[in-house]
Amino acid sequence: MSTGPKGRGPKPLSEILGNLFAARGFGRLQAASELELAWASAVGDRDLGQTRVGGVRRGVLNVTVAHPGLLEELSTFRKPSLLATLRRDAPGTPIHDIRFRVGPISSPSPGPPRP
């Protein structure tokens with residue numbers, strides 16, 4: 001379909017949907033979901049609960065880990081394989097490095113009141 005001389009007239013549905021998705025941030029949500037699934041695949045069930053994926057900034061994925069021993073294992077021994085899996089399973093998010101830091105993974109659930 002073509003538009004009129006002043007840009008008026010019908011627009012292709014693909015253009016309208018593309019603009020809507022961009023405005024609503026659906027692409028970012030899909031990329032984040034894809035990255036979470038790729039991380040789960042890369043790190044494995046054993047360590048998944050002890051890690052939390054953060055954002056990607058300038059191609060660097062930020063990951064919080066539960067303790068220093070896991071940070072050492074992931075950053076020293078497993079980083080190349082983690083990067084390879086992330087690149088394969090999350091192609092929509094370009095990642096060239098992973099930065100690990102020790103921190104809280106989840107907030108503790110409130111327990112019963114203490115006497």
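Quick note: numbers below take in every heavy atom, side chains included, and nothing from hydrogens, waters or symmetry partners. Only a predicted model underlies this, so the values are computations on that prediction, with no experimental measurement involved. Count residues from 1 along the sequence.
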If the condition is side-chain hydrogen bond (donor to acceptor under 3.5 Å, both in side chains), which residues does Thr51 pass it with, not counting sequence neighbours? Trp39
Spatial distance of atom [atom1] ([X]) from atom [atom2] ([Y]) [nearest 0.5 Å]:
X: Glu36; Y: Asp89; atom1: CD; atom2: CG; value: 13.5 Å
X: Leu70; Y: Gln50; atom1: CG; atom2: CD; value: 5.5 Å
X: Asn62; Y: Arg99; atom1: CG; atom2: CZ; value: 5.5 Å

Would you call Arg88 and Glu34 a salt bridge, using N to O less than 4.0 angstrom? no
Please walk me through it: do Ile105 and Thr64 pass side chain to side chain contact (heavy atoms under 4.5 Å, CB included)? CA-CA 7 Å; Ile105 299 307; Thr64 303; 3.9 Å; yes
Leu86: which of Val56, Thr93, Ile98 passes side-chain contact (heavy atoms from CB on, under 4.5 Å): Ile98
Would you mind reporting whether [Y] and [X] have side-chain heavy atoms less than 4.5 Å apart?
X: Glu73; Y: Asp47; value: yes
X: Leu82; Y: Phe100; value: yes
X: Val65; Y: Leu74; value: yes
X: Leu83; Y: Ile95; value: yes
X: His67; Y: Val102; value: no

Check: Arg52 side chain, Pro104 main-chain N or O, donor-acceptor pair, under 3.5 Å: yes
Give me the atom names and distance for the closest heavy-atom approach of Thr85 to Ser41. CG2-OG, 4.0 Å
